[in-house]
Each structure stands twice: as structure tokens, then as C-alpha cells.
Amino acid sequence: KEEKDVYRKYYCRGIRIVCIDKLFARIKKAVGERRQIQKGKKQKMKKEKIVFLSGKKVNLRPMDLETDLEKITKWINDQEVTEFMSRFLPSTRNEEEGWINKKRENDVTLAIETKKGLHIGSIGLHQIDHRNGTAHVGIIIGNKDYWSKGYGFDAEMTLLNYGFNALNLRKIMHCVFRENMKSAGCA
């Protein structure tokens with residue numbers, strides 16, 4: 001039996017393609033592979049995070065609502081993590097989303113990431129007073145696997161360097177409860 005080549009019209013990105021079915025299968029495969037490559041490039045671009053400040057063990061970057069919200073909500077509701085914070089009431093996902101999105105004129109709040117890109121906490125300069133050259137620093141290491149390993153210290157030293165040298169602050173305060181020995185090492 002003789003096979004007849006069937007010619008069909010196909011459209012790819014608005015371009016009309018007339019070809020034989022056998023050829024179409026190869027074109028379709030090539031177009032699909034190209035789309036996968038383009039999709040992969042877009043995903044890689046999305047996964048790249050901004051590094052605002054870089055320390056020896058950590059990178060400090062802006063908060064990302066999509067990737068950080070779940071972890072922050074979990075950490076802020078963990079009593080062991082917030083034991084020495086002045087905040088003691090539970091917080092909802094929406095409240096934390098509002099906190100991340102809130103534009104603060106006198107605050108710099110950043111996510112703490114390991115050099116491998118794992119988000120482990122947050123740190124910030126708060127109540128920045130440019131006129132008097134003062135600010136307060138606050139830090140939370142929510143991932144307990146990174147407690148007492150120098151990540152908080154490195155994050156704070158990196159942020160203090162930024163505060164003193166880039167913002168020209170003269171005094172940065174870190175208030176710590178006496179019982180909080182882990183954070184006392186940073187202060």
C-alpha cells in the first residue's frame with residue numbers, strides 16, 4: 001500500500017507552516033524543545049535573588065513575599081524562636097504579609113540567607129534617625145539549625161558595617177534581654 005504524504009497547515013507563533021505530517025512531527029519536537037529551554041531560562045531568572053549585602057557566612061537581601069512569607073509566619077508563631085522578643089501574640093499569614101509589604105521610611109529590613117541561598121532569618125535597622133545618626137537593630141534567626149553557629153553575628157556585623165559606613169550613623173543600639181545569651185554575643 002502506498003502512503004500518501006498529507007500536507008497540512010500549522011501555525012507556530014502566528015507563522016503559517018505547510019508541511020508533510022512526518023516533517024511536522026520533527027518541527028513540533030524542535031519547537032517544544034526550544035520552548036522548554038526558554039521556560040528554563042525564565043525560571044532561572046526568577047530564582048536568582050538579589051544580594052544587597054554580603055558577609056562571610058551570609059547574604060542579606062530584600063524580603064520576597066513569594067518565598068519568605070510562609071517561613072516568617074512559621075517562625076514568628078514559634079514560641080521558642082520568639083521567646084526573647086517583645087512580641088508575644090500569635091500572628092496570621094495576612095498580618096505578616098502586611099508587615100513585609102509595609103514601606104517604612106525609617107527602616108531597612110532584610111532577609112538573611114546562607115551562602116547556599118537558604119533563608120534562615122531576618123534582620124533590620126529600625127527607627128533610623130538621620131538627623132541624630134541613630135538606629136536600632138533587630139534580628140531573628142528562625143531556622144533553629146543555624147542557632148549558635150555565627151550566622152546571626154555575621155549578619156549583624158554586615159548590617160552594622162552598612163549602617164556606619166553607608167548611612168553614616170554614629171550610634172546603633174541592640175537591646176537584648178539578659179537571659180538571651182545567644183543574642184548577647186552579637187550585642
Side-chain angles (χ1 to χ4, degrees), residues 40 42-128 134-167 169 171-187:
K42 285 180 184 176
Q43 287 176 346
K44 282 182 185 177
M45 287 175 61
K46 285 182 182 178
K47 289 181 183 179
E48 288 182 26
K49 293 185 180 170
I50 299 167
V51 175
F52 180 66
L53 299 170
S54 186
K56 293 177 183 174
K57 290 185 165 192
V58 299
N59 290 325
L60 304 181
R61 63 164 175 79
M63 294 280 195
D64 183 348
L65 191 63
E66 289 179 23
T67 59
D68 300 340
L69 181 59
E70 293 302 321
K71 287 181 182 179
I72 291 170
T73 304
K74 179 184 171 197
W75 295 335
I76 210 70
N77 287 300
D78 184 332
Q79 289 183 349
E80 192 177 2
V81 172
T82 60
E83 179 181 5
F84 298 109
M85 291 177 65
S86 57
R87 183 180 188 164
F88 56 90
L89 297 174
S91 183
T92 66
R93 187 177 192 277
N94 289 340
E95 289 170 336
E96 289 306 309
E97 184 175 347
W99 179 79
I100 292 172
N101 285 332
K102 185 178 179 184
K103 298 291 181 205
R104 296 172 195 87
E105 190 175 301
N106 298 322
D107 286 354
V108 176
T109 306
L110 303 165
I112 303 170
E113 276 189 348
T114 63
K115 290 292 185 176
K116 293 182 180 178
L118 179 66
H119 179 214
I120 60 169
S122 61
I123 190 167
L125 285 174
H126 307 289
Q127 301 171 2
I128 299 170
T134 62
H136 293 266
V137 68
I139 183 170
I140 180 172
I141 301 293
N143 187 328
K144 297 173 193 174
D145 295 337
Y146 291 87
W147 285 5
S148 301
K149 295 184 179 174
Y151 290 91
F153 180 79
D154 185 46
E156 189 160 338
M157 292 301 109
T158 303
L159 188 64
L160 290 176
N161 182 44
Y162 171 74
F164 288 124
N165 295 317
L167 299 179
L169 299 176
K171 184 178 186 181
I172 300 175
M173 295 156 274
H174 182 169
C175 298
V176 179
F177 289 109
R178 183 178 307 149
E179 298 83 20
N180 188 355
M181 296 311 293
K182 291 176 188 135
S183 192
C186 293

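Because the structure is predicted, anything quoted here is derived from the model rather than measured. Note that the numbering runs from 1 along the sequence shown for the chain.
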* Sub-4.5 Å side-chain heavy-atom contact between Q127 and N106 -> no
* Asked: Have K56 and T158 got a donor and an acceptor in their side chains that come within less than 3.5 Å?
  -> no
* **Under 3.5 Å: donor-acceptor pair, side chain of H126, backbone of I128** => no
* Taking all non-hydrogen atoms of both residues, which atom of L169 and which atom of F164 are closest, and how far apart? -> O-CD2, 3.0 Å
* Using a 4.5 Å cut-off on heavy atoms from C-beta on, say whether the side chain of I76 contacts that of E96. => yes
* For V51 and S54, work out which heavy atoms get closest and say how close. => CG1-CB, 4.2 Å
* Asked: Heavy-atom count around K144 NZ within 6.0 Å, excluding the residue itself: above 12?
  -> yes
* Is any side-chain heavy atom of L118 closer than 4.5 Å to a side-chain heavy atom of K116? -> no
* Should we count NZ of K115 as having more than 12 external heavy atoms under 6.0 Å? -> yes
* **Nearest heavy atoms of W147 and I141, plus distance in Å** => NE1-O, 2.6 Å
* **Straight-line distance of D154 CG to L60 CG, nearest 0.5 Å** => 8.0 Å
* Structure fact -> Rounded to the nearest 0.5 Å, the OH atom of Y162 sits from the CD1 atom of I123 at a distance of 13.0 Å
* Structure fact -> Rounded to the nearest 0.5 Å, the CD1 atom of I139 sits from the OH atom of Y151 at a distance of 13.0 Å
* **Distance in Å, I172 CD1 paired with L125 CG, rounded so as to fall on 0.5 Å steps** => 5.0 Å
* Indicate yes or no: at least one non-hydrogen side-chain atom of E113 is less than 4.5 angstrom from one of D68. => no
* To the nearest 0.5 angstrom, please state how far the CG atom of N143 sits from the CH2 atom of W75. => 6.0 Å
* Structure fact -> The reported gap from CG in L53 to CD1 in I112 (rounded to nearest 0.5 angstrom) is 11.5 Å
* Asked: Looking at K149 and D145, what are the two nearest heavy atoms and their distance?
  -> NZ-O, 2.9 Å
